[in-house]
Amino acid sequence: MRVPPVVWLAGAAWAQRRVGRPPTPVTLAASAPFVAAAGWLGAGALREFALARTTFHPEHPDRATTLVTTGPNALTRNPMYLGMASLLLGHAVARRSPVALLPVAGFVAAIDRWQVPAEERALAARFEGYADYVARVPRWL
């Protein structure tokens, strides 16, 4: 059974909290661009999925009814995961810890190794235009 991405996110954030220091107003301000990017990527992708009336649940990519290629999905094939990584990056900045970057790397590696390939296989099997989308839009950035 695959671990849901939100569990990887929570685990990485927990690890960051353990190794980092408490945020300060300055570090919270420094983390704001990363958090804003995370919000734009995540909320924008969810909006596009809702407009397309298709599922965004990572546990069931085979239930997708539409290949979403607009909004943040025009820039990256995984805007929700990139948004989660950006949120973790902002959390590392807020926590003032270079060591807190390690859970960000772990999150990206886990998602890239286990979650994304399964989703890509399901989407390639389901949508004829998926190969063109893959050739046009990068997986991450």
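Just so it is clear, the model here is predicted, and its values are computed rather than measured. Atom set for the values below is all heavy atoms of this structure, side chains included, hydrogens, waters and symmetry mates excluded. For the single chain, residues carry numbers from 1 onward in sequence order.
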**Q** Side chains of Phe34 and His91, heavy atoms from C-beta outward: is any pair under 4.5 Å?
**A**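 Not in contact.
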**Q** Can you name the side-chain hydrogen bond (donor to acceptor under 3.5 Å, both in side chains) partners of Glu119, sequence neighbours left out?
**A**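 Listed in chain order: Tyr81, Gln115.
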**Q** Got Leu41 and Met80 here, is their nearest side-chain heavy-atom distance under 4.5 Å?
**A**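 Leu41 vs Met80: side chains apart.
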**Q** Linking I/L/V/M/F/W/Y whenever their side-chain heavy atoms sit closer than 4.5 Å, directly or via other members, would Trp114 and Val6 fall into one cluster?
**A**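 The answer is yes; both residues are in one hydrophobic cluster.
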**Q** Between the main-chain N or O of Ala94 and the side-chain N or O of Thr27, is there a donor-acceptor pair closer than 3.5 Å?
**A**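 Such a contact is found between Thr27 side chain and Ala94 backbone.
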**Q** What is the minimum heavy-atom distance between Leu67 and Tyr130, and which atoms define it?
**A**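 Taking Leu67 first and Tyr130 second, the nearest heavy atoms are CD1-CD1, 3.7 Å.
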**Q** Does the side chain of Arg21 reach to within under 4.5 Å of the side chain of Arg95, using non-hydrogen atoms?
**A**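 No; the side chains remain at least 4.5 Å from each other.
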**Q** At what distance, to the nearest 0.5 angstrom, does OG1 of Thr69 lie from CG of Leu75?
**A**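 Nearest 0.5 Å value for the OG1-CG distance: 11.0 Å.
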**Q** Could you name each residue pair satisfying ring-ring contact (aromatic ring centres under 6.0 Å, His included) that touches residues 41-75, not counting sequence neighbours?
**A**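 Matches after skipping sequence neighbours: none remain.
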**Q** Which residues pass the side-chain contact (heavy atoms from CB on, under 4.5 Å) test with Ala64, sequence neighbours left out?
**A**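 With sequence neighbours excluded, Ala64 shows a side-chain contact (heavy atoms from CB on, under 4.5 Å) to Thr54, Thr55, Leu123, Phe127, given in chain and number order.
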**Q** So which atom in Leu101 and which in Leu89 form the shortest heavy-atom distance, rounded to 0.1 Å?
**A**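 Nearest pair, atom of Leu101 first, then Leu89: CD2-CD1, 3.4 Å.
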**Q** Does a side-chain heavy-atom distance below 4.5 Å link Gln16 with Leu88?
**A**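 Gln16 reaches Leu88 side chain to side chain.
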**Q** Of all residues at least two apart in sequence or in a different chain, which pass the side-chain hydrogen bond (donor to acceptor under 3.5 Å, both in side chains) check with Trp40?
**A**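 Counting only residues at least two positions away or on another chain, Trp40 forms no side-chain hydrogen bond (donor to acceptor under 3.5 Å, both in side chains).
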**Q** If you look at every heavy atom in Ser97 and Gly20, which pair is closest and at what distance?
**A**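 Reported closest heavy-atom pair: CB-CA, 3.7 Å.
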**Q** Do side-chain atoms of Ser86 reach the backbone of Gly83 as a donor and acceptor pair under 3.5 angstrom?
**A**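 No; zero donor-acceptor contacts below 3.5 Å.
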**Q** For Phe107 and Pro5, work out which heavy atoms get closest and say how close.
**A**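 Smallest heavy-atom distance, with atoms named: CE1-O, 3.9 Å.
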**Q** Evaluate the side-chain proximity of Asn78 to Val116: yes if any heavy-atom separation is below 4.5 Å, no if none is.
**A**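 Yes - at least one pair of side-chain heavy atoms lies under 4.5 Å apart.
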**Q** May I ask you to test the Pro61-Glu120 pair for a side-chain heavy-atom distance under 4.5 Å?
**A**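 Counting from C-beta outward, Pro61 and Glu120 never come under 4.5 Å.
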**Q** Glu59: what forms a salt bridge (charged side-chain N to carboxylate O under 4.0 Å, His left out) with it, not counting sequence neighbours?
**A**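 Listed in chain order: nothing, the list is empty.
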**Q** What residues form a side-chain hydrogen bond (donor to acceptor under 3.5 Å, both in side chains) with Asp112, not counting sequence neighbours?
**A**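 Applying side-chain hydrogen bond (donor to acceptor under 3.5 Å, both in side chains) to Asp112 gives Arg139, Trp140.
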